[in-house]
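Each chain gets a letter, A, B and so on, in the order the sequences are listed, and its residues count up from 1.
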There are 2 protein chains.
Amino acid sequence: METRELRYFVAVAEELHFGRAAQRLGIAQPPLSRAIQQLERRLGAALLDRTSRTVALTVAGSVLLVEGRAALDAVDAAERRTLRAALSTTGRAGLALVTKAGASSELLAKLLDAYAAEPGAVPVEVILCGPAEQERLLREGRADVALLHRPFDSTAGFHTEELGTEGQVVVLPSGHPLTVRAHVHMADITALPGLPLPRWPDPDGSYPPGPGPQVRDHAQLLQLVALGRACSVSPESCRAQLHGDLAAVPVLDAPTVTTVIAWPPHSRSRAVADLVRTATRL
Amino acid sequence: METRELRYFVAVAEELHFGRAAQRLGIAQPPLSRAIQQLERRLGAALLDRTSRTVALTVAGSVLLVEGRAALDAVDAAERRTLRAALSTTGRAGLALVTKAGASSELLAKLLDAYAAEPGAVPVEVILCGPAEQERLLREGRADVALLHRPFDSTAGFHTEELGTEGQVVVLPSGHPLTVRAHVHMADITALPGLPLPRWPDPDGSYPPGPGPQVRDHAQLLQLVALGRACSVSPESCRAQLHGDLAAVPVLDAPTVTTVIAWPPHSRSRAVADLVRTATRL
DNA sequence: GGCAACGATACCGTCCGGGTATGGATCCGG
DNA sequence: CCGGATCCATACCCGGACGGTATCGTTGCC
């Protein structure tokens, strides 16, 4: 199977419409029809049930949609990582590390310092992004290594090393009645009047329905908390970023957060291995 | 990047010789040279350092070799899984489960029984193979799910659920002096006179150097133990397969073995999900 | 210095991928 | 019930890409 065939099939399978898929691919519709037919003939399996009015996926087709996307991702990642490697030999940044904006900042600072002191260290480009984006960036080869936080982030498909665990605190506007407590429970905060928990975007960028403001990163969230529009359950390390308007109280029964360093399998890179080793020794 | 280009590059990168690579690919050498040049030009990066006498990988080239192999694996896996899905709708076996020959047989039997009793169960094809082959079969899409044993098997890149842990025993010919002991330590058996530990094949099929017979599966190993040519440290569940000529003694300080059920990410299959759920409930 | 090995280049034929025009089936509005 | 619109398939043509053969230029070796 050629990647071109896969791209064509994925486009049709996503659109369920040859005309739109062809338009998206920048080709005419007849060659697309023919390409899909050839693919089906070569595989010896029907991928699409089509009448002259409608297109539907067969079982095999839905498998190929999922697996084909993964394969195309892998091809694209191979290309990007190759280009990154080529750039790094011509003197540019050698490693891209991605982490959630506003999380584990002191851990990250310590890691970068410690790694920079290693012999043979290369420049590290730090990418900050919203939650659930890291996984994609790492999978697509746009980043070489990520700091993830279980159980929020999925580590499926990556190699990981645990770097540490921490409890969670609820972040509130300073002066809120609850801030006088030494600790609280989840039940105390799930239905705080006027202070809903925020909604984070799904991997596809859309927001789940419900109350609570939509937030994209931690800084934005803290701002909303300071404004008295939300409260937040966050790893306790976020206390380092709290200023006067905010207060934090430990939540005893919130799930423990584990920070892990993750990197794609097949990473033979010396630099990634050094960085991971440095991280585990912190 | 097209898979054809990737295949060509991987062949050259592995052979480090355009002529042999072309032969392996079944094409002439000039088109291969040209294809690699085009690939390098399109990427804008040198992949190979070549003189008229020698070919060597650049840094970027070695990255593309590793990543490209992974991407090609993903494409092949997509094709195989699609074909398996197509077959299963035309009435053939629906799931392929791979495990080491001679390991966890009673767990496997219980799992297959329990799953077969589920509503909506599909036929399960059981593939028995040598160690270190399961990972490949699963990655290549030849199998849908595997029973792996940590720490022996790597679970990198797969989703897993733990099914249970067990200690290890040393398997000896019955009548061996150590068999009267209630338990032993690793130090007691690493240098047993005349009873070396066997050598298992590496993932590439070659055997590491050293004493000890070469073995491919557990049945073969037990036969060698019965013949007094080897001893074996194995999970205690293998006791179910021991017959009169063999005896087992617990090894207190051998690493604990964890049996996990593993499946590739992206597996949206209802059948895999059912099987995993059944397994975790055992 | 001649030869052999090896990758690059030149040139040519063929097949494949893409375009336009059109056919055939289905749904819908009048 | 009919005509048009929609949508996928077919027919046909063209250009370029891919593969093959012949040959060149360089390099290492006897």
Side-chain angles (χ1 to χ4, degrees), chain A residues 1-62 64-65 68 71-72 75 79 86, chain B residues 1-62 64-65 68 71-72 75 79 86:
Chain A
M1 260 194 312
E2 289 303 310
T3 60
R4 186 182 50 84
E5 301 176 289
L6 267 183
R7 275 185 244 278
Y8 285 10
F9 172 74
V10 168
V12 175
E14 285 178 353
E15 300 283 348
L16 292 179
H17 190 292
F18 280 74
R20 278 195 300 274
Q23 197 174 354
R24 205 173 96 183
L25 293 166
I27 65 172
Q29 169 259 320
L32 180 56
S33 286
R34 202 177 49 192
I36 302 294
Q37 291 175 52
Q38 281 174 3
L39 178 58
E40 287 180 308
R41 198 157 352 109
R42 272 219 285 278
L43 288 177
L47 302 172
L48 298 168
D49 276 328
R50 40 201 185 280
T51 70
S52 68
R53 294 299 288 179
T54 177
V55 177
L57 285 169
T58 63
V59 174
S62 59
L64 186 57
L65 174 57
L72 290 176
V75 172
E79 183 166 337
Chain B
M1 261 193 309
E2 290 303 309
T3 60
R4 187 183 52 85
E5 301 176 290
L6 267 183
R7 275 184 243 279
Y8 285 8
F9 173 75
V10 168
V12 175
E14 285 178 351
E15 300 284 347
L16 291 178
H17 190 291
F18 281 74
R20 279 195 299 274
Q23 197 174 354
R24 206 174 96 182
L25 294 166
I27 65 171
Q29 169 259 320
L32 180 57
S33 285
R34 202 178 47 192
I36 301 293
Q37 289 175 51
Q38 280 174 2
L39 178 60
E40 288 179 308
R41 196 157 356 105
R42 274 220 285 275
L43 288 178
L47 302 172
L48 298 167
D49 277 328
R50 37 201 188 281
T51 69
S52 67
R53 296 298 288 178
T54 177
V55 176
L57 284 170
T58 64
V59 174
S62 58
L64 186 58
L65 174 57
L72 290 176
V75 172
E79 182 165 341

Undergrad: Between Leu48(B) and Thr58(B), is any pair of side-chain heavy atoms under 4.5 Å apart?
TA: no
Undergrad: Summarise protein proximity over nucleotides 23-30 of chain D in one line of letters, 5' to 3': B for base, S for sugar-phosphate only, - for none, counting protein heavy atoms closer than 4.0 Å.
TA: --BBBS--
Undergrad: Just how far is it from atom CD1 of Ile36(A) to atom CZ of Arg41(A), taken to the nearest 0.5 Å?
TA: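 Taking CD1 in Ile36(A) and CZ in Arg41(A), the distance rounds to 12.0 Å.
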Undergrad: With heavy atoms under 4.0 Å as the rule, sort Gln38(B) into base, sugar-phosphate or nothing.
TA: sugar-phosphate
Undergrad: Provide, to the nearest angstrom, the distance between the CD atom belonging to Glu2(B) and the P atom belonging to dG17(C).
TA: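 Between P of dG17(C) and CD of Glu2(B): 10 Å.
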Undergrad: Report the distance from atom CZ of Arg24(B) to atom NE2 of His17(B), rounding to the nearest 0.5 Å.
TA: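 Arg24(B) atom CZ to His17(B) atom NE2 measures 13.0 Å (nearest 0.5 Å).
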Undergrad: Once you round it to whole Å, what is the distance between C1' of dT20(C) and CG of Leu32(A)?
TA: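 So the CG-C1' distance, Leu32(A) to dT20(C), works out to 16 Å.
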Undergrad: Going by the side-chain contact (heavy atoms from CB on, under 4.5 Å) test, name the single residue among Met1(A), Arg7(A), Glu5(A) that passes it with Thr3(A).
TA: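 Passing option: Arg7(A).
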Undergrad: If you round to the nearest 0.5 Å, how far is OG1 of Thr54(A) from CG of Asp49(A)?
TA: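 Interatomic distance, Asp49(A) CG to Thr54(A) OG1, rounded to 0.5 Å: 9.0 Å.
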Undergrad: Are OP1 or OP2 of dT10(D) and a side-chain N or O of Gln37(A) less than 4.0 angstrom apart?
TA: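 Checking Gln37(A) against dT10(D): at least one side-chain N or O falls below 4.0 Å of OP1 or OP2.
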Undergrad: Whole angstrom is fine here: how far is it from CG in Leu39(A) over to C1' in dC16(C)?
TA: 15 Å
Undergrad: Between dC8(D) and Ser33(A), is there an OP1 or OP2 to side-chain N/O distance shorter than 4.0 Å?
TA: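 The answer is no; no side-chain N or O of Ser33(A) sits under 4.0 Å from OP1 or OP2.
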Undergrad: Here's a test of your reading of the structure: between Pro31(B) and Gly26(A), which maps to the more 5' nucleotide of DNA chain C?
TA: Pro31(B)
Undergrad: Could you check how far CG of Leu48(A) sits from P of dC7(D), rounded to whole Å?
TA: 16 Å
Undergrad: Between the base of dG17(C) and the side chain of Arg4(A), is one N or O donor paired with an acceptor at under 3.5 angstrom?
TA: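 Per atom types, no contact qualifies.
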Undergrad: Does Arg50(A) place a side-chain N or O at less than 4.0 Å from the phosphate oxygens OP1/OP2 of dA9(D)?
TA: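 Affirmative; the distance criterion is met.
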Undergrad: Just verifying a value: how many Å separate Ile27(A) CD1 and Tyr8(A) OH, rounded to the nearest 0.5 Å?
TA: 4.0 Å
Undergrad: Nearest whole angstrom, please: distance from the C1' of dC18(D) to the CZ of Arg7(B).
TA: 16 Å
Undergrad: From the list dA8(C), dA9(D), dT21(D), which nucleotide is the closest neighbour of the side chain of Phe18(B)?
TA: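 Closest of the options to the side chain of Phe18(B): dA8(C).
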Undergrad: Can you name the nearest heavy-atom pair linking Ala13(B) to Leu57(B), along with the distance?
TA: CB-CD2, 3.7 Å
Undergrad: Starting at CZ of Arg34(A) and ending at C1' of dC12(D), how long is that distance when rounded to a whole Å?
TA: 10 Å
Undergrad: Could you tell me the separation between the CG atom of Leu25(B) and the P atom of dG20(D), rounded to a whole number of Å?
TA: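 Atom CG in Leu25(B) sits about 11 Å away from atom P in dG20(D).
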Undergrad: Rounded to the nearest Å, what distance is computed from the CD1 atom of residue Ile27(A) to the C1' atom of nucleotide dC14(D)?
TA: 17 Å
